[in-house]
Each structure stands twice: as C-alpha cells, then as structure tokens.
Asks: 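Below you'll find the structure I mean.
Worth knowing before you read on, the calculation uses all heavy atoms, side chains too, and leaves out hydrogens, waters and symmetry mates.
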Amino acid sequence: MSIIEPLRELIGRSRRRDDVRLLYVNDNHGDFSATREDIVQRALEGRRPDLVEPVLPSNDCAFLAKVRHSAFYGTPLDYLLQRENVGKVILTGQVTEQCVLYSALDAYVRHFQIKVPEDAVAHIDHELGEAALRMMGRNMRAEIVTAATCLGSL
C-alpha cells in the first residue's frame with residue numbers, strides 16, 4: 001500500500017488550515033553539518049525520487065533534523081510544540097515500527113494527544129507495523145485514523 005497519495009493530500013489540507021502547524025522532522029543520517037537543503041537533495045537523489053517529490057516540504061515549513069528514531073530525541077521539537085501551545089500531534093511517515101512508534105512514545109510521555117493516520121505511515125515489516133499501530137493505540141492512547149479523517153476533530 002502506498003502512503004504517498006494520502007500523505008500528499010493530508011499535507012495539502014494541513015497547509016490550508018490556520019489551526020495546523022506543519023512540521024517536518026527528518027534523519028540527518030549522522031551528517032551533523034547537513035542543512036535542510038542537503039537532506040532534501042539526498043532524498044531526491046535516492047532510489048525513489050518519485051516517492052519524495054509529492055511530499056517535499058515547502059520553504060515556509062519548519063524543518064528539524066533528527067539524529068535517532070524519535071522526532072523528539074536531540075531536536076527542539078518539544079520546546080517548539082510547548083511554546084506554540086500545541087496539544088495534539090499527528091504522526092506520519094516512516095517507519096511505523098521504528099520512528100513513528102518511538103516518536104509516539106515520546107509524545108505520550110510529554111502529555112501530547114496523538115493521532116496516527118494508518119494510511120500515511122509506512123512499515124518495513126507488515127506484522128511489526130500492525131503491532132506498532134496496536135501498541136500506539138493501546139499503550140499511548142493514540143487515535144488510529146485515516147489521513148482523510150484525521151484533521152476533522154482537531
């Protein structure tokens with residue numbers, strides 16, 4: 001199942017709303033001198049630029065580089081969300097059973113409400129991805145939704 005179309009549409013809807021703060025958090029893959037442009041360029045030069053192009057961050061969108069699995073680990077994400085009084089986070093991207101799961105746990109322990117659109121996250125292992133979604137729902141009280149519905153109850 002491809003997450004690209006649901007994710008692209010969710011990003012588009014998010015950009016049109018004043019009550020949604022769109023943030024990108026991407027791996028720097030150990031290159032601590034990498035800029036936003038470097039990270040985006042490397043993704044576009046990878047094996048599947050066709051999967052990257054539809055979901056590229058716009059220039060006016062916040063972009064944080066992360067060093068490990070969680071979007072919170074080693075980033076100013078928590079500070080930014082707290083400063084802007086954000087209470088709910090929607091987690092998308094890859095990998096469901098790794099980065100998304102660990103980011104959900106870090107969001108949960110920081111008392112954020114969590115939504116995960118199951119059609120806007122990608123797994124490596126199908127069974128582990130499904131188990132991660134169940135864990136997020138059960139253990140972290142995440143709402144497991146679809147990309148089409150996740151902005152409805154913000």
Side-chain angles (χ1 to χ4, degrees), residues 1-17 20-81 86 88-108 110 112 114-140 142-151:
M1 173 170 75
S2 174
I3 70 166
I4 297 303
E5 192 55 29
L7 182 55
R8 184 190 65 74
E9 290 175 5
L10 177 58
I11 291 167
R13 287 192 310 279
S14 297
R15 286 182 176 146
R16 292 188 295 274
R17 289 187 54 162
V20 175
R21 175 76 150 106
L22 185 61
L23 302 165
Y24 281 72
V25 184
N26 289 84
D27 285 306
N28 69 5
H29 299 286
D31 181 355
F32 293 95
S33 66
T35 65
R36 168 192 186 128
E37 292 76 21
D38 295 334
I39 294 169
V40 168
Q41 190 59 40
R42 285 185 197 140
L44 288 170
E45 291 171 354
R47 291 182 304 157
R48 297 294 308 270
D50 59 309
L51 300 178
V52 175
E53 290 168 349
V55 296
L56 284 173
S58 60
N59 290 331
D60 63 343
C61 185
F63 186 98
L64 306 175
K66 69 182 181 80
V67 297
R68 298 293 291 178
H69 297 85
S70 173
F72 289 89
Y73 183 79
T75 74
L77 180 60
D78 184 42
Y79 173 79
L80 188 146
L81 296 175
V86 172
K88 186 176 288 187
V89 295
I90 300 170
L91 300 173
T92 64
Q94 60 181 9
V95 168
T96 309
E97 65 270 28
Q98 294 175 13
C99 301
V100 177
L101 176 63
Y102 303 148
S103 296
L105 178 59
D106 278 352
Y108 175 74
R110 288 168 172 82
F112 291 102
I114 306 159
K115 285 190 176 191
V116 181
E118 62 187 344
D119 55 344
V121 292
H123 58 267
I124 293 173
D125 180 280
H126 177 74
E127 288 180 22
L128 291 177
E130 290 296 317
L133 288 169
R134 286 193 309 276
M135 286 175 60
M136 287 182 269
R138 184 176 300 146
N139 300 342
M140 296 158 219
E143 289 181 63
I144 308 303
V145 296
T146 65
T149 63
C150 76
L151 295 179

Asks: For the atom pair OG (Ser2) and CD1 (Ile4), what is the distance rounded to the nearest 0.5 Å?
Replies: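 One gets 5.0 Å once the value is rounded to the nearest 0.5 Å.
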Asks: Test Leu105 against Met140 for side chain to side chain contact (heavy atoms under 4.5 Å, CB included), laying out the working first.
Replies: CA-CA 7 Å; Leu105 178 59; Met140 296 158 219; 4.1 Å; yes
Asks: Please answer whether the main-chain N or O of Ser33 pairs with a side-chain N or O of Asp31 as donor and acceptor at a distance below 3.5 Å.
Replies: yes
Asks: Check whether Asp119 reaches the backbone of Thr146 with its side chain - one donor and one acceptor, N or O, closer than 3.5 Å.
Replies: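 Judged by distance alone, no pair lies under 3.5 Å.
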Asks: Nearest 0.5 Å please: distance from the CD1 atom of Ile114 over to the CD1 atom of Ile144.
Replies: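 Going from the CD1 atom of Ile114 to the CD1 atom of Ile144 covers 9.0 Å.
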Asks: Compare every heavy atom of Lys66 with every heavy atom of His69, then report the nearest pair and how far apart it is.
Replies: O-NZ, 3.1 Å
Asks: Do Asn139 and Tyr108 have side chains that approach each other closer than 4.5 Å (heavy atoms only, starting at C-beta)?
Replies: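 When only atoms from C-beta onward are counted, Tyr108 and Asn139 do not touch, as no gap falls below 4.5 Å.
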Asks: Verify, without hydrogens or angle tests, whether Thr92 (side chain) and Val121 (backbone) share a donor-acceptor contact under 3.5 angstrom.
Replies: no
Asks: Heavy atoms only: give me the nearest Tyr24-Ile11 pair and the separation to one decimal.
Replies: OH-CD1, 3.4 Å
Asks: Would you say Met136 and Thr96 make side-chain contact, with heavy atoms under 4.5 Å?
Replies: yes
Asks: What pair of heavy atoms forms the shortest contact from Ile90 to Pro117, and how long is it?
Replies: CG2-CD, 3.7 Å
Asks: Can you measure from NZ (Lys115) to CG (Leu151) and round to the nearest 0.5 angstrom?
Replies: 7.5 Å
Asks: Judged by atom type as modelled, is there a donor-acceptor pair below 3.5 Å linking the side chain of Glu97 to the main-chain atoms of Asp125?
Replies: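 Confirmed, Glu97 side chain pairs with Asp125 backbone.
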Asks: How far does CZ of Phe112 sit from CG of Leu91, to the nearest 0.5 angstrom?
Replies: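 With rounding to 0.5 Å, CZ (Phe112) is 10.5 Å from CG (Leu91).
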Asks: How far does CG of Asp27 sit from CD of Gln94, to the nearest 0.5 angstrom?
Replies: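 It comes to 8.5 Å.
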Asks: Between CZ of Arg8 and CD of Glu5, what distance do you get to the nearest 0.5 Å?
Replies: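 One gets 4.0 Å once the value is rounded to the nearest 0.5 Å.
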Asks: Using modelled atom types only, decide if a donor and an acceptor are shared between the side chain of Arg110 and the backbone of Asp106 within a distance under 3.5 Å.
Replies: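 Answer holds: yes.
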Asks: Please give me the minimum heavy-atom distance between Thr75 and Ala65, naming the atom from each residue.
Replies: CG2-O, 3.4 Å
Asks: Is the shortest heavy-atom distance from the side chain of Leu56 to the side chain of Leu44 under 4.5 Å?
Replies: yes
Asks: Taking all heavy atoms of Ala132 and all of Leu101, pick out the closest pair and write down the distance.
Replies: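 Scanning both residues, the minimum pair turns out to be O-CD1, 4.0 Å.
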Asks: Tell me, yes or no, whether the heavy-atom count around Glu45 atom CD, taken from other residues, nucleotides or ligands under 6.0 Å, exceeds 12.
Replies: yes
Asks: Donor-acceptor pair, Arg15 side chain versus Cys61 backbone, under 3.5 Å?
Replies: no
Asks: Given the rule in the side chain to side chain contact (heavy atoms under 4.5 Å, CB included) test, do Gln98 and Ile124 qualify, once you have shown the distances and angles that lead to the verdict?
Replies: CA-CA 9 Å; Gln98 294 175 13; Ile124 293 173; 3.9 Å; yes
Asks: Between Arg36 and Asn59, which heavy-atom pair has the shortest distance, and what is it?
Replies: NH2-CA, 3.8 Å
Asks: Using a 3.5 Å distance criterion without hydrogens, assess whether the side chain of Ser103 forms a donor-acceptor pair with backbone atoms of Ala71.
Replies: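 Yes; at least one donor-acceptor contact below 3.5 Å.
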Asks: Would you say Arg21's side chain and Leu80's backbone share a donor-acceptor pair under 3.5 angstrom?
Replies: no
